[in-house]
Amino acid sequence: MKTMQAAGSRWPLAVVTAIVLGSCPALAAAQDMSASYEGAAVRFGQGQAHTVVRTGADGKLAAIGIVFSEDSLAGLPAGGGMAPSVVLPMPTTGPQTVVDHVGIDWESHGHPPPGVYDTPHFDFHFYLISVAEQMKVSFQNEGESGDPSQQPPAELLPAGYVVPPGTAVPQMGVHAIDTTAPEFNKQPFTATFIYGYHNRQQTFIEPMVTLAFLQSKQPFSAPVARPASYSKAGSYPDSYSVKYDAANMRYEVMLAGLR
């Protein structure tokens, strides 16, 4: 291929590349269009956290997650009960997702059922509804999750999931647990995946991870059981992961395999 010249001088490489790619669709298609879009950073523990949306090489939505610095695990409240939620906005640029915002909830003493989730852990709520809608979620008592009016239709529940009594939490919803998960089969709780509902509609999807497991810095990934349908149209994960990024001293909790 002859060198392209204009007015006796070589054309800039960027111009030549653009011309070549424009005339060769196959080469243009081979371009890596992966990108990462970050939400505004929010104070979390003694560090910071933010949401992230990533696209693959084909430019399509690939993952939704949160990133938080290692020092976020320092200075956490030690008192009983759930600490106030840390609310993370989604990125203002990049592809739209089914997730409106993310809430991080620190459970210093865990929560019921005893012997299962009563260990210090984090609830990472990926909300499918707005903050305003979330604030309107209310119940008379936790046992209301056992009421038929709060039981989601079968097509919105993945196989093996149930909504037991005692899981209704104001400004969240009722919680569906995976009865096939290791923690319900004589193994310790480290990480698990929850679905949330209110008025029989999905309100959030939620990885739960223990503090001890995060501190171990072990990489983790697992498939996500999917229901037959969703209350909100969009792309949902078929896997989730937890990993520690040693180079940047931070953790990532990601929802991937979006389809």
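What you find for Pro95 and Tyr37 is that their closest heavy atoms are CD-CE1, 3.7 Å. Between Asp178 and Phe184 the shortest heavy-atom distance is O-CD1, 3.3 Å. Heavy-atom minimum distance, Ala176 versus Tyr197: CB-CE1, 3.7 Å. Between Val163 and Ser145, the shortest heavy-atom distance links the atoms CG1-O, 3.7 Å. What you find for His175 and Val169 is that their closest heavy atoms are CE1-CG2, 3.8 Å.
For Asp118, there are no salt bridge (charged side-chain N to carboxylate O under 4.0 Å, His left out) partners at least two apart in sequence or on another chain. With sequence neighbours excluded, the residues that form a ring-ring contact (aromatic ring centres under 6.0 Å, His included) with Phe122 are Phe44, Trp106, Phe124. Shown here are the salt bridge (charged side-chain N to carboxylate O under 4.0 Å, His left out) partners of Arg43, two or more places apart in sequence or in another chain: there are none.
One distance of note links CD of Gln218 with OG1 of Thr190; it measures 8.0 Å at 0.5 Å rounding. Here NZ of Lys217 is found 3.5 Å from CD of Glu70. Values are rounded to the nearest 0.5 Å. Note that the CD atom of Gln171 and the OG1 atom of Thr203 stand 12.5 Å from one another [nearest 0.5 Å].
Side-chain atoms of Pro227 and Gln202, non-hydrogen and from C-beta on, do get closer than 4.5 Å to each other.
Using the six-membered ring where Trp is involved, Tyr195 and Phe193 have ring planes that are perpendicular, over 60° apart on the 30 and 60° scheme.
For Tyr251 and Tyr244, the ring centers are positioned less than 6.0 Å apart.
For the residue pair His101/Gln134, the side-chain donor-acceptor check at 3.5 Å is satisfied.
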